[in-house]
Structures are given as C-alpha cells and as structure tokens.
Amino acid sequence: MAVQGASSCPRHGSVPITKRARAKRFWRRTLVAAAAVLALPALAGPALAMPTHPLHRTPEGGFEELMVPSSMGPIKVQVQWARHGGNAALYLLDGLRARNDFNAWTFETNALRQFAEDNVTLVMPVGGQSSFYTDWSAPSSTNGQKSTYKWETFLTEELPAFLEGYGVSRTNNAVAGLSMGGSAALALAAYHRDQFKHASSFSGYLNLSAPGMREAIRVAMLDAGRFNVDSMALPWSPQWLRMDPFVFAPQLRNLPLYISASWGVLGPHDHPDGATGMFNTVNAVALEALSMMNTMSFIGRMDQLGIDAHYSLPVEGTHSWGYWQDQLADARPDILAALRAN
C-alpha cells in the first residue's frame with residue numbers, strides 16, 4: 001500500500017514526493033503550456049497565405065479535366081484555363097450525340113487553339129446526349145434511364161459554384177453551342193442573364209414549336225440514345241414552350257448574340273468518301289436546311305420585336321463540325337468583347 005504523499009510507479013514502486021517537487025512540476029507544465037500558446041500565431045501565420053481557391057493542376061492556359069458533383073452524379077468537365085488568369089468563361093455545349101468521354105469541341109475542332117492566348121476559360125461539359133441541356137420532367141421512359149436530366153440546374157447553379165472556387169466568375173460568362181446546343185445556349189442566356197453576357201447559336205433549332213418539329217425531334221432523340229422527348233417535356237406544355245427560342249425571344253433583348261446557319265450547299269469541309277460518307281453528307285445537308293428554316297423564322301420574330309443580333313448566313317455549309325469551327329472563330333471577337341477578355 002502506498003504511503004500518503006507518494007505515487008505508485010509500476011516499475012519503481014512507491015516514491016515519496018515532496019511539496020517542493022510538486023511545485024517544480026507545476027511550474028514546468030505551466031511554462032510548457034505558455035510556450036505552446038505563444039507559438040500558435042507563428043504556426044497559424046503561413047495559413048493566411050494559402051489561396052482562397054484550389055490550385056490548378058496545370059498552368060494558366062493549361063488543359064484539365066474536373067469531376068463536378070451534381071444531382072445527376074459526378075459530371076466530367078473539360079477546362080482550358082484562361083491564359084492570363086482572368087475570371088471570364090465561355091461554356092461550349094455539344095450536339096445531340098454528345099459523348100460520355102469527351103466534349104466534341106475538344107477533338108472535332110481547333111477551339112482550344114482559337115482561345116489559347118485569350119484571357120477566358122473554356123468550360124466544356126461532357127455528356128448530356130439528347131438532353132437539350134434542360135431540366136427534364138422525368139427519366140427517359142424508353143431507354144431505362146435511372147436518373148432525371150437536370151442540365152440547366154447543373155450549368156447555372158452547381159457548375160458555376162464549383163468553378164468559382166477556382167477563381168472563375170459566376171457572372172462574366174458566355175455560352176455557345178451547335179445544333180441541340182445552339183437552342184440551349186440561347187435558353188440558358190435568356191433565363192440567366194446574371195450569368196451570361198453573350199450567347200452564340202451555330203446551326204441551332206430556333207423554332208421548336210413549328211409544325212412537325214416536335215416529331216422530328218422525337219425521331220432524332222430515339223436515334224440518339226433512345227431518349228423519349230415526352231420525358232423531357234410534354235407536348236405544348238409550359239416547359240416545352242420555355243425551351244423554344246421563338247417563344248422566349250423577347251427575353252433576349254439587349255443581350256449580345258451571334259446566330260448562324262448555312263443553306264446546306266456543299267463547301268470546303270465536305271469530302272464524302274464511299275457510301276457511308278455520301279449518306280452522312282446527305283443527312284448533313286438536310287439537317288442544315290432544317291436549321292436554316294428555323295433560323296429564318298427566328299430572325300423574322302426578332303425583327304418584329306426590334307431586337308438586334310449578329311447574323312451569319314453563308315450559302316455554303318452543312319451540319320458538320322468544320323463549319324461550326326469556322327463559326328466559332330467568327331463569333332470569337334464578339335465573345336471576347338462582351339466578356340472584356342481581349
């Protein structure tokens with residue numbers, strides 16, 4: 001049994017402790033604690049120099065792939081950072097057959113080179129086949145889709161919030177797209193004017209409610225992934241009309257716009273080779289002619305409303321990437337001016 005005033009040590013037995021020894025130990029512990037407190041500001045100091053956003057894994061002007069959380073699950077977004085660290089961004093939207101591995105702007109065109117020296121970040125979301133980049137009513141009922149497309153929410157809420165952490169502005173953006181992405185670009189800009197300062201549509205379908213258009217879209221979406229247009233929006237519902245540039249045209253007033261479509265005449269980018277090449281070229285001619293009909297109807301609506309836009313309507317051109325690359329290059333000065341990213 002230990003005696004009073006002693007501590008029991010497993011290895012050394014009972015050792016008497018005097019009042020003086022206890023006092024020495026008390027002051028030693030006090031000095032150690034005080035030294036630790038005094039050291040805290042020095043330890044905390046370097047944290048003040050940490051960046052307020054994650055560091056790019058590539059230099060300014062470099063290319064990077066991000067996985068961005070969303071209500072649809074993680075979405076890959078390919079990014080080329082602004083050459084001089086600017087906060088402006090250009091969102092590039094894909095077409096109806098958008099792939100799940102790459103945004104086609106990155107490999108079908110020279111878009112990365114076009115903007116390589118510009119102070120604007122290219123934001124290229126991956127996926128969204130047949131989505132029209134809108135929020136759907138339900139998962140597609142014809143292909144077993146497990147989640148509901150919520151692309152508008154992703155592009156205007158979840159993705160901007162994520163990119164803001166990298167220093168990309170939520171309010172200094174432009175959006176451009178081809179075909180499906182063309183009408184979607186105008187819709188995103190029309191309903192989110194606080195986010196987008198410029199919108200470009202290349203060969204877009206800008207009168208979705210014209211006779212026969214919904215059924216044409218139905219066939220195209222079934223061919224591109226077996227998606228059901230009725231799961232996107234019911235016929236002539238407010239949600240369907242909300243997607244139609246012809247209907248929401250008044251909301252584009254005072255927004256800088258670039259609108260292009262061609263007349264479907266074969267041009268320098270058309271080199272059909274074999275039966276498959278001829279088939280694809282014939283389809284490209286027909287799709288571009290349909291886009292031009294929609295575009296002319298849209299132009300008439302805009303003229304009626306007294307709303308200006310930059311129109312490019314070349315005779316030569318089909319529904320194919322070579323021409324969309326050219327149209328992006330033509331729109332580039334307008335985009336940079338609107339974002340003050342020259």
Side-chain angles (χ1 to χ4, degrees), residues 76 78 92-114 124-133 140 142-145 176-185 200-208 210-232 259-297 312-330:
K76 181 195 284 190
Q78 297 179 291
L92 290 175
L93 306 182
D94 219 323
L96 196 74
R97 298 181 184 276
R99 295 165 41 152
N100 288 324
D101 52 358
F102 304 103
N103 182 302
W105 283 105
T106 66
F107 66 90
E108 293 281 9
T109 75
N110 64 5
L112 300 182
R113 290 201 303 274
Q114 286 188 33
M124 297 158 286
V126 176
Q129 184 181 41
S130 289
S131 68
F132 278 81
Y133 294 104
S140 175
T142 50
N143 61 1
Q145 188 180 29
L178 68 301
S179 194
M180 171 190 86
S183 58
S200 299
S201 171
F202 312 133
S203 304
Y205 295 105
L206 309 184
N207 189 7
L208 298 179
M213 276 301 297
R214 183 178 175 88
E215 293 314 306
I217 290 171
R218 180 187 302 280
V219 172
M221 289 174 61
L222 286 170
D223 187 57
R226 295 187 297 112
F227 285 90
N228 184 3
V229 67
D230 296 329
S231 300
M232 178 169 66
I259 310 294
S260 69
S262 302
W263 289 95
V265 176
L266 297 186
H269 297 298
D270 297 296
H271 305 287
D273 183 18
T276 301
M278 285 298 299
F279 177 79
N280 291 336
T281 298
V282 169
N283 278 345
V285 168
L287 289 170
E288 193 64 17
L290 182 60
S291 169
M292 177 58 82
M293 290 174 60
N294 270 242
T295 299
M296 293 304 295
S297 177
S312 176
L313 307 171
V315 173
E316 291 186 341
T318 61
H319 211 69
S320 51
W321 281 102
Y323 300 103
W324 299 324
Q325 171 180 285
D326 293 346
Q327 290 159 8
L328 177 63
D330 192 40

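The shown structure was predicted, so the numbers you read here are calculated from the model rather than taken from an experiment. For the numbers below, each heavy atom of this structure counts, side chains included, while hydrogens, waters and symmetry mates do not.
For the atom pair Met180 CE and Tyr133 OH, the distance stands at 4.5 Å (nearest 0.5 Å). For the atom pair CG (Leu178) and CG (Asp94), the distance works out to 6.5 Å, reported to the nearest 0.5 Å. Between Asn228 atom CG and Ser130 atom OG the span is 10.5 Å, to the nearest 0.5 Å. For the atom pair Arg226 CZ and Gln129 CD, the distance stands at 10.5 Å (nearest 0.5 Å). Rounding to the nearest 0.5 Å gives a distance of 10.5 Å between CE of Met278 and CG of Asp273. Note that CG of Leu290 and OG of Ser203 are 11.0 Å apart. Values are rounded to the nearest 0.5 Å.
Applying the side chain to side chain contact (heavy atoms under 4.5 Å, CB included) rule to Pro268 yields the partners Glu316, Tyr323; only residues at least two apart in sequence or on another chain are considered. Ile217 pairs by the side chain to side chain contact (heavy atoms under 4.5 Å, CB included) definition with Phe132, Leu208, Met213, Met221, Val229, Trp240, not counting sequence neighbours. Checked against salt bridge (charged side-chain N to carboxylate O under 4.0 Å, His left out), Asp330 has no partners two or more places apart in sequence or in another chain. Looking at residues two or more places apart in sequence or on another chain, you find a salt bridge (charged side-chain N to carboxylate O under 4.0 Å, His left out) between Asp101 and Arg99. Listed by chain and residue number, Tyr205, His319 satisfy the side chain to side chain contact (heavy atoms under 4.5 Å, CB included) test with Ser179 (two or more places apart in sequence, or in another chain). Take Met296 and apply the side chain to side chain contact (heavy atoms under 4.5 Å, CB included) test, not counting sequence neighbours, and it matches Trp263, Met292, Ile299, Leu313. Listed by chain and number, the residues in a side-chain hydrogen bond (donor to acceptor under 3.5 Å, both in side chains) with Thr295 amount to none (sequence neighbours excluded). By the salt bridge (charged side-chain N to carboxylate O under 4.0 Å, His left out) test, Asp230 is found to be paired with Arg214, Arg218, residues two or more places apart in sequence or in another chain being considered.
Across every non-hydrogen atom of Ser140 and Ser231, the tightest pair is CA-OG, 3.5 Å. The two residues Ser183 and Ser201 make their nearest non-hydrogen contact at N-OG, 4.2 Å. Contact detail for Asn294 and Asn207: the closest heavy-atom pair is OD1-N, 2.9 Å. Between Gly317 and Ser262, the shortest heavy-atom contact is O-CB, 3.4 Å. Of all heavy-atom pairs spanning Gly127 and Asn100, the tightest one is CA-OD1, 3.7 Å. Of all heavy-atom pairs between Gly128 and Ala98, the closest is C-CB, 4.2 Å.
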For the pair Arg97 and Asp223, evaluate side-chain contact (heavy atoms from CB on, under 4.5 Å) and give the outcome as yes or no after the intermediate values. CA-CA 9 Å; Arg97 298 181 184 276; Asp223 187 57; 2.2 Å; yes
May I have the step-by-step check of side-chain contact (heavy atoms from CB on, under 4.5 Å) for Gln145 and Phe227, ending in yes or no? CA-CA 9 Å; Gln145 188 180 29; Phe227 285 90; 3.8 Å; yes
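Judged as a side-chain hydrogen bond (donor to acceptor under 3.5 Å, both in side chains), the pairs with a partner in residues 102-113 (not counting sequence neighbours) are, in order, Asn110-Gln114. Sequence neighbours left out, not one pair with a member in residues 274-285 passes side-chain hydrogen bond (donor to acceptor under 3.5 Å, both in side chains). Contacts classified as salt bridge (Lys or Arg N to Asp or Glu O under 4.0 Å) and involving residues 282-293 (residues at least two apart or in different chains) are not found.
In this structure the side chain of Gln327 never reaches within 4.5 angstrom of the side chain of Ser200, judged on heavy atoms. Residues Leu92 and Leu328 meet the side-chain proximity criterion, which asks for heavy atoms closer than 4.5 Å.
Phe107 CZ: more than 12 foreign heavy atoms inside a 6.0 Å radius.
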